[in-house]
Visitor: 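The structure's right below; bear with me while I get my questions together.
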Amino acid sequence: MDHAAEHLDPTTSALSSASSSSAVAEVNAWLASLAAEAGVAGGAVGRGGGGGAAAELSLGPDPTARGVAYLRALASASQARSHAAGIAAAGLRAQAAEYRAEAARLREALERAGLARDALPPPAVAAARAVAAVANLLAIRDTEMSSFVVASADLSLRRPEVEEKRDKVHKESKALLDYTRKAINKLTELKKMLEKFKNDLEKQQVDQVADWQTKLVMMDSKERQYILQVSNYKAMLNRVGYTPEINHGVLMEMAEHKKDLERKTKPIADTLRSYQDLPPDKALAALAIEDKKRQYAAAEKYLEDVLQSALTTTGL
């Protein structure tokens, strides 16, 4: 398990102890060892005695307590890991030495038996290599028949699971292929639709621009016509004496006044109309009046005669 987080927690120790001279010396020593392992410094590397990259891997003259605490925790974790790695490396080196010694003994035994690799015919070398390749493939460390049988049985047991996974992967890949094919077809259709929409849009824009130009020409003509009409209306209003003070209320009052005048002047107009048949001369007018009076008297006499005859007829 990785315990670096436990080592890197600066809260486990007080800041005063972390910033002490022993902590600083420990951190400087760890940094110097890192520089020495990296090959960037030689000889003794101290707080002020070393130079070059070794001096760069040392604390400054005024280190902070928190920085010293973190570096000290990091140094502890690094040293612990280095110690564990050293133990593991020593064990691996011992195993490698044992394997080399065993290989040397086997090689010596084979040479004594006349089965050295150089003395074997090419088919035997090829077979041995094939056996070694199969052993590496089956992850077995020897060429015993039992090991091959166990590995074969293990493969036989894992075969259904592998086939099931393969079938599942095949189905998924087939479904993904179908989905990809459908997606490609859909993308092709969308591209065609997009191209069609672009062409339709361009055509529509051209038609719309032409329509707008026609409408602009018509609106320009209408504007000139309306401007001319407004000028004519203004001239007519100026001729009739229209002023901005004449509003709807004033016009209504004038209309009512006009009706009142027409009502008052109608009898006079009727009387004057009755005298339109008179001649313009005074003497002739007097004669015409006398003639009208005679006609009026004759009409009255005729009316009396008619009434008298009617009364007489009724009496009979």
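Along the sequence shown, residues are numbered consecutively beginning with 1. Everything numeric here is computed off the predicted structure, so don't read it as measured data.
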Visitor: How long is the span from the CG atom in L201 to the CD atom in Q208, to the nearest 0.5 Å?
Guide: 9.0 Å

Visitor: If you measure from OG on S231 to CE on M236, what distance do you get to the nearest 0.5 Å?
Guide: 12.5 Å

Visitor: Ion pair present between K171 and D167, side-chain N to carboxylate O less than 4.0 angstrom?
Guide: no

Visitor: Taking atom CD of E172 and atom OH of Y179, what is their separation to the nearest 0.5 Å?
Guide: 15.0 Å

Visitor: With a 4.0 Å cut-off on N to O distance, would you call D260 and K264 a salt bridge?
Guide: yes

Visitor: If the threshold is 4.0 Å, N to carboxylate O, is there a salt bridge linking K191 and E195?
Guide: no

Visitor: For R181, is there any backbone N or O sitting under 3.5 Å from a side-chain donor or acceptor partner on N185?
Guide: yes

Visitor: Does a side-chain heavy-atom distance below 4.5 Å link K192 with K196?
Guide: no

Visitor: Assess whether side-chain hydrogen bond (donor to acceptor under 3.5 Å, both in side chains) is satisfied between Y296 and E300, documenting all intermediate values.
Guide: CA-CA 6 Å; Y296 182 70; E300 286 183 350; 2.8 Å; yes

Visitor: To the nearest 0.5 Å, how far apart are CZ in R100 and CZ in R105?
Guide: 12.5 Å

Visitor: With a sphere of 6.0 Å drawn around CD of Q79, does it hold more than 12 non-hydrogen atoms of other residues, nucleotides or ligands?
Guide: yes

Visitor: Mind checking whether L190 and L194 have side chains closer than 4.5 Å, heavy atoms only?
Guide: no

Visitor: For the atom pair CG (D291) and NZ (K293), what is the distance rounded to the nearest 0.5 Å?
Guide: 12.0 Å

Visitor: Looking at S76 and E26, what are the two nearest heavy atoms and their distance?
Guide: OG-OE2, 4.5 Å

Visitor: Tell me, do D220 and E223 make a side-chain contact under 4.5 Å, heavy atoms counted?
Guide: yes

Visitor: Would you call D178-K182 a salt bridge at under 4.0 Å N-O?
Guide: no

Visitor: Would you mind reporting whether K203 and D200 have side-chain heavy atoms less than 4.5 Å apart?
Guide: no

Visitor: So that I can tick it off, tell me whether K168 and E164 are bridged by a salt bridge, with the cut-off set at under 4.0 angstrom between side-chain N and carboxylate O.
Guide: no

Visitor: Once you round to the nearest 0.5 Å, how far does CZ of R159 lie from CZ of R166?
Guide: 8.0 Å

Visitor: Hey, does the side chain of S78 reach the backbone of A75 with a donor-acceptor pair shorter than 3.5 angstrom?
Guide: no

Visitor: Shortest non-hydrogen contact from W30 to L71?
Guide: CZ3-O, 4.1 Å

Visitor: Kindly indicate, with the supporting measurements, whether the criterion salt bridge (Lys or Arg N to Asp or Glu O under 4.0 Å) is fulfilled by E290 and R294.
Guide: CA-CA 6 Å; E290 290 296 332; R294 283 196 300 272; 5.0 Å; no

